[in-house]
Amino acid sequence: MVDGILADDVLADLNDPQREAATYGTGPLLIVAGAGTGKTTTLAHRVAHLIATGVDPGRILLLTFTRRASAEMLRRVDGILRERDRAGVSRKVWGGTFHAVATRILRRHGKKIGLAPDFTILDRTDSEDLMQVVRTDLGLGETKGKAGRSRREQDETRFPLKGTCLNIYSRAVNTQQSLKQVLQKDFPWCEEHEDKLKQLFSAYVDRKEEASILDYDDLLLFWRALLQDEDGRQQLAEKFDCVLVDEYQDTNTVQADILRGLSPTGRGVTVVGDDAQSIYSFRAADVRNILDFPDQFPGTKVIKLEQNYRSSQPILDATNAIISGATKRHHKQLWSDHKQGDPPQMILCNDDDEQTEFLVDRILTHRESGLKLQQQAVLFRASHHSISLEVELGRRNIPFHKYGGLKFVETAHVKDMLAYLRLAENPRDIVSGMRVLMLLPGIGQVKARGLLDILTENRGDFSCWRDVSPPKAAMDDWPLFVALMRGLGDPKAKKSVVGDQMHRVRRFYAPLLKGKYDNSRERERDLEQLELVAARFKDRMEFIAEMSLDPPSSTQDLATDPSLDEEHLILSTIHSAKGLEWNVVYVLHATDGNIPSQQAVGDTDQIDEERRLFYVALTRAKESLYVTMPQRYYSQSWNRSDRHSYAQPSRFLTKEAREHFDERMAFPSIGNEEEDSADATRQVRESIKGMWS
DNA sequence: GTCACAGAAATTTTT
DNA sequence: TTTCTGTGAC
C-alpha cells in the first residue's frame, strides 16, 4: 500500500491513547477501555488503519459479542475508509461472534476432525430438549420406583431438571473443570447425583454425535480441537494476520484457548475490554482472561483509555462511587470533559404501579422537550421486571422495542415451524424430528422414535414414511406430512427459495396450530413474519443457523420494516444493553433481591458481579439517569401467605454512593398520615421478620 | 401407546 | 406462570 498511515485528519478525532491503540504495531495489544471511553471508535480505527496500511481485509478476524456489534464496527470502518476511496472493503473482514465464526470454519474445515459439514445447531432450548430425551431414556427423573417411598426418600432431592442438567454440563465443559469440582462449587445440592449425571452427559454427547448436531459449546470445542489438530492448525493459523476480540472480559477458557491457537505468540492479536464490566460469569466467562493476558503473551502492550466521552461528570461521580465498592478490580478513574449536568436521581415509589406511572410520566416529559423515544432506555435486571410497564405503554399507545428475555424464535410455534426445515436439512436431527412428529395427533414419544429410526435406516429418504401405517388419529394428516417432507428433502427443493419452503410448511402447520393454542390467530401472524424473514435468505442452511446463532433480538425488529420504523422507546435487560448508550436511562427495581438478584447473593464473587451489572446499567446514561425503586411488593404467589412485603434499596446504593444522587419520592405523599405511620411500623416488623425467614 | 388431567415444584442474565 | 411426574381412560 502506498497510502502508508491513515491521513492525520481521520486520526485527529482520537485522543492520544486512542490513537496509540489504533496505530500500534503487530505485537500483542491489550486495550483496557472503561465505560464510554470510545472503545468502538478505537477498534474501528484500528481495523481501518490495518487495512489502509496494507493488511488484506480477508485476513482480519474481528470477534465481537453480538453480530450487531460487529456490523456496527464494520459500518464505521467503512465510514473511515470512505475518505480513502476504499469503502466496502470491510465486507471482506471475517466478523461475528465466536460461535458464528466457528460455524463458518467448521462447515469448511470440520472434515479434518471427522465432522460432517451439514451439521445443524442446537440453541439453548433444543439442547434442553435433547437432554430431556436422554434423561427419560435413562429413567433418571423417575421417583415412583423407589421401594416403599418412605418419608426419608421423599425428602431426598429429586434428580435435577433438564435446564439444571444442561447448566452443569455446560459449566464443566466451558470451565474445563471436572464434574466433581463444578458440583461442589456451583451445584452442591446435586452432588449426590454425580454418577447419574456422568451417565447422562456421556449419553448426551453420544446422541449429539449420532444426530450430527452441535450445541453452542460444541462449536467452540470443535474449533479449538481443529486448532489443536496438526493439519488443521496449519491451514487455520495461517488464515488470519490479525485477530481482534471485543468484550474480552466476557470470554471463557475455551475462547482463550482458541485465541492462543490462532496466534500462539500473540502476534497480530488485539483484545479490548473492561474488567469492571464483566457480567457473564454465569456463562463461564472468566475475568482472568483479560487480567492475565499480559502474562499469557509476553511483550504485551497495555493501553488504558480513561477519558469518558459519554456521561456528564455528575453521572460519572455516582458510577465511580458504585464500582469503588468492588472487592477486586483493576484500578481506573474515569473522567469527563463534560462537567455540567444534573445529578442522577434516586426515585422512591410506593409500589410497582407507581414506578410505572412515574416512568411513563417522565418519558413523555422528555419526549415533549424534544428528546426522541429512541434516545431513552429503560433497563432492568430480569426480563419480567418490565411487564407492568409494557402493559401501560401498550395501553397508552407508546411504541417500544424490548431486548432480552424470551426471544421470538424461542416461542413454541416458531420453533415448530423451524423444526420442519431443520429435519429436512438434517434427517438425523432427532430433536427436530421428535418435535415435528409429535405435533401430529396420536404420535407420542415412542412412535416418533420408531419413525425416526426407520428414517435413519433409509438414509434420510422421507419416502420411506409412505409405507408406514400411521395411528388412526394421524390418518388424515400423514400423507400430507410425508409429501411435505419429501418435497423439502428433495435436493432440488433444497435450492429453492427459502421463503417458499416456509410457506409450504406454514400451510401444513397452520391447522395444527389452531387446535394447539387458543391464541392461534396471534401466533399465525408471527409465522407470517417468519416467512418474510425467511424470504430474505437464499440458503436454507444459512437461514436455520442464523436463527439459532443470532436470532432477531426483539420481536418488534421482525414485525416492522426497519426503514419505515416509527419512533420507539427501548426496554432492555441490563445484559442486552451492554455496549450501548442513551441520553436518558431509567434503571428499574433497584432494590435488594432484584439488584442484586436474590439468586446471586451466595458469595462475594456473585455479589461483585451483580455490582458490575448495576455499574453497566448506570454507565449507559449520557445526560440523565433515574434509578427507581418500589418500596412495596405485592405477592399473590403460592409461596407467601402475606399479601405484600417491603423492599430495601439495593445494597450497592451505599451512603457514600447516595451522596451523588438526588433522592426523592416519585409522588410526594398526599395520603393520610395515620396510614403512612401504620405502614412504617409494619415495615419495621416485616423487615425484622424477614431476617428469620 | 397416547393424551388429558392433577398436584407439586421452580422461577435471572444468553451465545 | 410453566414444567415435571404419575395416573387412569381410551
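Just so it is clear, the model here is predicted, and its values are computed rather than measured.
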Can you list the residues that meet the side chain to side chain donor-acceptor pair (under 3.5 Å) rule with A:Thr270, with sequence neighbours excluded?
->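 By the side chain to side chain donor-acceptor pair (under 3.5 Å) rule, A:Thr270 matches A:Arg46.
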
Residue-level proximity of residues 123-135 of chain A to DNA chain C when a heavy atom falls under 4.0 Å | A:Gln132, A:Arg135

Does a nitrogen or oxygen in the side chain of A:Ser576 sit under 4.0 Å from OP1 or OP2 of B:dT14?
-> yes

Taking the minimum atom-to-atom distance to the side chain of [X], which one of [options] wins?
| X | options | value |
| --- | --- | --- |
| A:Ala382 | B:dT13, B:dT15, C:dT3 | B:dT13 |
| A:Tyr216 | B:dT12, C:dT3, B:dT15 | B:dT15 |
| A:Glu142 | B:dT15, C:dG6, B:dT13 | C:dG6 |

Proximity of [X] and [Y] rings by center, below 6.0 Å:
| X | Y | value |
| --- | --- | --- |
| A:His413 | A:Tyr509 | no |
| A:His575 | A:Phe282 | yes |
| A:Phe380 | A:His589 | no |

5'-most by nearest nucleotide on DNA chain B - A:Phe98 or A:Leu161 = A:Leu161

Between A:Thr164 and A:Gly442, name the one whose nearest nucleotide on DNA chain B is closer to the 5' end.
-> A:Gly442

side-chain hydrogen bond (donor to acceptor under 3.5 Å, both in side chains) between A:Glu392 and A:Thr356: does it pass, once the steps are laid out?
-> CA-CA 8 Å; A:Glu392 184 62 17; A:Thr356 299; over 6 Å; no

Can you find a heavy atom in the side chain of A:Asp416 that is under 4.5 Å from one in the side chain of A:Arg435?
->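 Side-chain contact under 4.5 Å: yes.
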
Sorted by number, residues from residues 444-453 of chain A placing a heavy atom under 4.0 Å from DNA chain B are A:Gly444, A:Gln445, A:Val446, A:Lys447

In whole angstroms, how far is the P atom of B:dT14 from the CG atom of A:Asp217?
->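 In whole Å, B:dT14 P and A:Asp217 CG are 17 Å from each other.
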
Qualifying residue, where the test is side chain to side chain contact (heavy atoms under 4.5 Å, CB included) with A:Tyr248 and the options are A:Asp246, A:Val245, A:Asp250 = A:Val245

Aromatic A:Phe119 / basic A:Arg107 pairing, under 6.0 angstrom, 45° off normal |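 Yes; both conditions hold, so A:Arg107 lies above the ring face of A:Phe119.
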
